[in-house]
Every structure is written in C-alpha cells, then in structure tokens.
Asks: 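Mind having a look at this structure? Questions to follow.
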2 protein chains.
Amino acid sequence: MIDIAGARDYFIDLQTRIVARLEAIDGNGFGHDAWERDGGGGISRIIEQGRVFERAGVNFSHVRGDRLPPSATAARPQLAGSAFEVMGVSLVLHPLNPYAPTVHMNVRMFVAQSAWWFGGGMDLTPYYGFEEDAIHFHESCRDALAPFGAEYHPRFKRWCDEYFFLRHRGEPRGIGGIFYDDLSDRSFDHCFALTRSVGDSFLSAYAPILLRRKDTPYGERERDFQAYRRGRYVEFNLVYDRGTLFGLQSGGRTEAILMSLPPVVKWRYAWRPEPGSAEARLYADFLVAKDWLQP
Amino acid sequence: MIDIAGARDYFIDLQTRIVARLEAIDGNGFGHDAWERDGGGGISRIIEQGRVFERAGVNFSHVRGDRLPPSATAARPQLAGSAFEVMGVSLVLHPLNPYAPTVHMNVRMFVAQSAWWFGGGMDLTPYYGFEEDAIHFHESCRDALAPFGAEYHPRFKRWCDEYFFLRHRGEPRGIGGIFYDDLSDRSFDHCFALTRSVGDSFLSAYAPILLRRKDTPYGERERDFQAYRRGRYVEFNLVYDRGTLFGLQSGGRTEAILMSLPPVVKWRYAWRPEPGSAEARLYADFLVAKDWLQP
C-alpha cells in the first residue's frame, strides 16, 4: 500500500521538470550535486548569479534515520525516536530583480514504523506587492487542491498563514499560499495524489509571476529594500522553520538546506518605510493575512 | 544580600563608559533609545555606518517577566515558569574593516524566587586571524578572572568553546574567549565582583585589537569574505544562541536584540577558500579550539 519507489520516482521526476523550466527561463544551467551519507542521499540543483536567479536551489533528498527528531513529530509524539525515512523536493528561488518575489515549495513523504504521512505547500514572498500576482498564486493553490475535496484549501491556506509568521516581528513572512503536514486522513493513494498535484502546480503558480516581473527596471533603492526584507526570510528560516531545523538535526546536507538563505542580506536598526511609499504598501496591503480570492 | 540596585547602577555605568570609548574611537555618536514595556525597559545605544563601526550596539536592559522561559532555565528546571527579573549589558560590534574582528560581550544577573545567578563572557570573531590579537584577547579574559580563583578561567574558556559552536557546520563561531552562566557558587558579592571584572575588562581586551586593525587597507575580496563569514554569525545567533532566543521569547525589544546581526551578509553555496590563502588560514589556524596561552 505504501508506494515508496513510486514516490521516489515522482519526486525525482518533479525536480527534473522544475529545473528544466527554470533553466529555460534563466538561460543558465543549474549545478548538479549528487550526495550520499549514512544511508541517505540526494541531488542538489543550485544556481547562483544567474541572469534571473541570484540564488536558487531545487533539492531532492531521501534521508533515513535511526531516531525521528522532535521537530518532525509535533503531531506524533509516540513516534519520536523511532527509525524513519523521509523524501521529497524542496525549493527556494531568490530572483535578482526586486520586483520578482521569492518563492518556496516543498513536497515530502515520511515513513516511520507502519505510519506514513505527507506534507507540503508553497508560499510567495514579494518585496513589492502586486494584487494580480497574489490572486494568481492563491488561485493556483486552490485549484491544485480542489479535486481532492473542498475542505483542504481553506484549511491549508490558514495553516500557511499561521506557520509562516514571525512572532518576534508580528509579521507574516510573505503573502502565504498553502501549507500542510501530517496528511494521512484518507488513503495513501489519495494523499499521494494530492501531494503530486501540489508539486505539479508549482510551475504554473509561479512562472507567470516571475516572467511578468523579472525584467522590471529597478535601482539601488529597490535592491536595498529587497536585501533588507530578505533578512526576515533568514530570521524565519533559522528561528522557526521546522524543515530547516529538522534537516540540520537529521543529518541532512547543510549546504543544501541553507540554500534557502538569500545571497545578499542587510539588517538595519529600527528601519521603517516612508509612509505612502511602495515599500510601505508592502506592509500595509500585502503582509497581512487576508483572503485573496474573496474581493 | 542581593543588591539589585547596585547591579543596575553598575550595568548602566558600564554601558556609558563603553559607549563613550567607542564613540571616541569611531568619531561619531551612538544613538540613545530608551524604552519601556511591561514592567521592563532598557537603553539601546546603536551606531550604523560609522567610520569604524559598520553596525554596533551596546544594550542595557532590565526585564521582568511572569514566567521564566525554558531557554533561561537549562540548569534550574525547578524555576521554569516562575517570576523573574534579569538585567545586564550586551554588546556586539561589527567593524567595517574586514581585518578588525567582530566582538561580543555580555554580563547579566538573573533573579527568580529567592535564587540569583550571574552570567557573562566575551568572545572574538575574526575574519582574518592574527596570533597576537588572539593571545591578547585570551590573556585579558584570563586576567579578568584570575583574582577570583584559578579554576574559573579554564572552565569558562572551555565553556565558551563549547557554547559558540555551530554543530551543523562543525565549526566554532570564532576564536572564543570566556562564557559562563548560572554562577552562584560563592557569595553574591564574589559573583558580582567577578562579573564586574569581566565587564570592566572588555575595553582593554578589545580596543587595542580594534585600533591595530581598523585602518588596514582592504579591497573587495576581503569585504566579500567578511560578508560571507558574517553568515555564520547569523546562523549561530538565530539557531543556537540562548540569549537571542530568550530575548525574543521574554518580551525583549526585537530591534535591540537583533542588533547583533551584521549589516551586510552573503551566503554562497559550498564555498571553500583557496588552499594556502589568508582565508584558508582563518579556518586552519584560528577556527579551531586551542589554548592560545600555551605555546
């Protein structure tokens, strides 16, 4: 019933398809680092200083461990410490152009003892917000889940808003999307199909936004704001992100995991955007949990 | 016996003295932000884009809370959840010149129920290593503790090496110094005097190093390496540092706490210094736990 080989084939194929499309958009190739360690391994596909992507990684990994770390078992304390395997694709893309948003997508499958569960999601982090981009992204998320039941999208959308939130800043990381974990409420086939649908929807959710924004003229001001806002991305990933902490705790490959960190980041003390500026609009109109699909 | 008012006076005076000296070195004034919140407060003294300091903060805070957070109670689980107060001075200085090391110093006093304890230390994080700087810094640490008992320095030096270690990188944060926590092994007067000695030794430990390095000529290569290595500082402070996590959890002031993060940071995938280069020497000769005072 648990189709480990099928899941592995799917994840590897998904990585290949996504990278091929991103390479076509960038015009430059992604690196290909295959690695193995302690019964696990993966393929890191990374680009830095591309034409479109300043730093981007699309990673496949399949890790086995003797003791499931606490960061993976919030909902299943009885499995903490048992042998496990986890595989999936995780990507973060940091475009060079400040008008093009950073994006994150992850799909994964856990197996521990006789239990299995899926997790995944995608979320968008703009530096300059565009309503049509936000609506398109959230529509794509909704459409990916719709065939599997009407209840998933509202739940996974809310979960995303709750998860990608910087408590110490009182700020969401971006405009959200969907997030889910511990998915095993119906059959393996159902949950795997839902997860495939999320993975397969990534390119149609993100590529149109990237293509619309990647050549927008910008100057030092926009690059500076992008570098400043990227600091929030670092703060979230290192302080809160369970995926990052799990990876660092479970013998993942540090360089591949920290691929999610942006290439150039700035911190500035008590900085606030000028009222009424484009930068202020990001905070006022986009960095707020809202329902983008209800006008 | 517990002299809260005396400790408060000392910490505020220490902050004033340190800032005055750093302002004299930089030639520019530090900002002065006094803040109050929920029965606590502090004074944040910050400079950005100074002549010598690219970003530096010397913070005094005195925070009261209803529930001591877990990050503060590793050694005193029985106090978790009780009312507490903590006060102290914490500083991180990020010089502009890549040949001048980043430095951190903290001295603090906790009171919870009838218990009290002190913590503190200082540690140095060079981008380019100099043996004479390392020896001077470690001698200063040793001399600060010597009057209080010969056992403290070896113990606090080792504690520092263990504490400021990035497990996911297998690397120390810098060349160490001293670190201690839960100090209440002898009288309040003894422990307070030891902590004052650490605070009072900071300027003589660091200023000579800064003055020696701050005008060294450098180029883009050195700035780039500095920005790359600063990424490790961010990783340590956000993933491991109990002081940072405690501050963020206990209603500290986010902007003051995250003052420790560097102004400009770069991440690069799987980067390694060229063998034999000055950058490689940092890893080989300085980012290793060693006894700088035994030739």
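Because the structure is predicted, anything quoted here is derived from the model rather than measured. So that the names make sense, note that chain A is the first sequence line, chain B the second, and so on, each numbered from 1.
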Asks: Quick one: do R45(A) and E23(A) make a salt bridge, cutoff under 4.0 Å?
Replies: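 Yes.
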Asks: Tell me the closest heavy-atom pair linking I47(A) and G29(A), and the distance in Å.
Replies: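 Closest heavy-atom pair between I47(A) and G29(A): CD1-O, 3.8 Å.
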Asks: For the candidates L258(A), T244(A), I46(A), V264(A), which exhibits the highest count of non-hydrogen atom pairs separated by less than 4.5 Å from chain B?
Replies: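 Looking at each of L258(A), T244(A), I46(A), V264(A) in turn, I46(A) comes out on top.
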Asks: How are the rings of F246(B) and F110(B) set to each other: parallel, tilted or perpendicular (split at 30° and 60°)?
Replies: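 Geometry flag for F110(B) against F246(B): perpendicular rings.
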Asks: Looking only at heavy atoms, what is the nearest atom pair of S61(B) and W35(B), with distance?
Replies: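 Taking S61(B) first and W35(B) second, the nearest heavy atoms are CB-CZ2, 4.1 Å.
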Asks: If you check every heavy atom in residues 85-107 of chain B against those of chain A, which residues fall under 4.5 Å?
Replies: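 Within residues 85-107 of chain B, no residue comes under 4.5 Å of chain A, counting heavy atoms only.
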Asks: Quick one: closest heavy-atom pair of I25(A) and L210(A), and the distance?
Replies: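 Closest heavy-atom pair between I25(A) and L210(A): CG2-CD2, 3.9 Å.
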Asks: Locate the shortest heavy-atom distance separating F84(A) from L68(A); write the atom from each residue and the value.
Replies: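 Between these two residues, the closest heavy atoms are CG-CD1, 3.4 Å.
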Asks: Identify which of R55(A), M259(A), R253(A) forms the greatest number of heavy-atom pairs closer than 4.5 Å to chain B.
Replies: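 The residue among R55(A), M259(A), R253(A) with the greatest pair count is R55(A).
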Asks: Taking non-hydrogen atoms and a cut-off under 4.5 angstrom, which of residues 221-240 of chain A neighbour chain B?
Replies: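 Within residues 221-240 of chain A, the residues that come under 4.5 Å of chain B (heavy atoms only) are Y228(A), V234(A), E235(A), L238(A), V239(A).
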Asks: How far apart are the closest heavy atoms of N59(A) and S44(A), and which atoms are they?
Replies: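 Scanning both residues, the minimum pair turns out to be OD1-CA, 3.3 Å.
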Asks: Under 4.5 Å, counting heavy-atom pairs only, tell me which of R169(A), Q49(A), R167(A), E255(A) racks up the most with chain B.
Replies: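 Ranked by heavy-atom pairs under 4.5 Å with chain B, first place is E255(A).
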Asks: Taking atom types as modelled, find out whether D33(B) and Y269(A) have a side-chain donor-acceptor pair closer than 3.5 angstrom.
Replies: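 The answer is yes; a qualifying pair exists.
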Asks: Locate the shortest heavy-atom distance separating I175(B) from F286(B); write the atom from each residue and the value.
Replies: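 Result for this residue pair: CG2-O, 3.6 Å.
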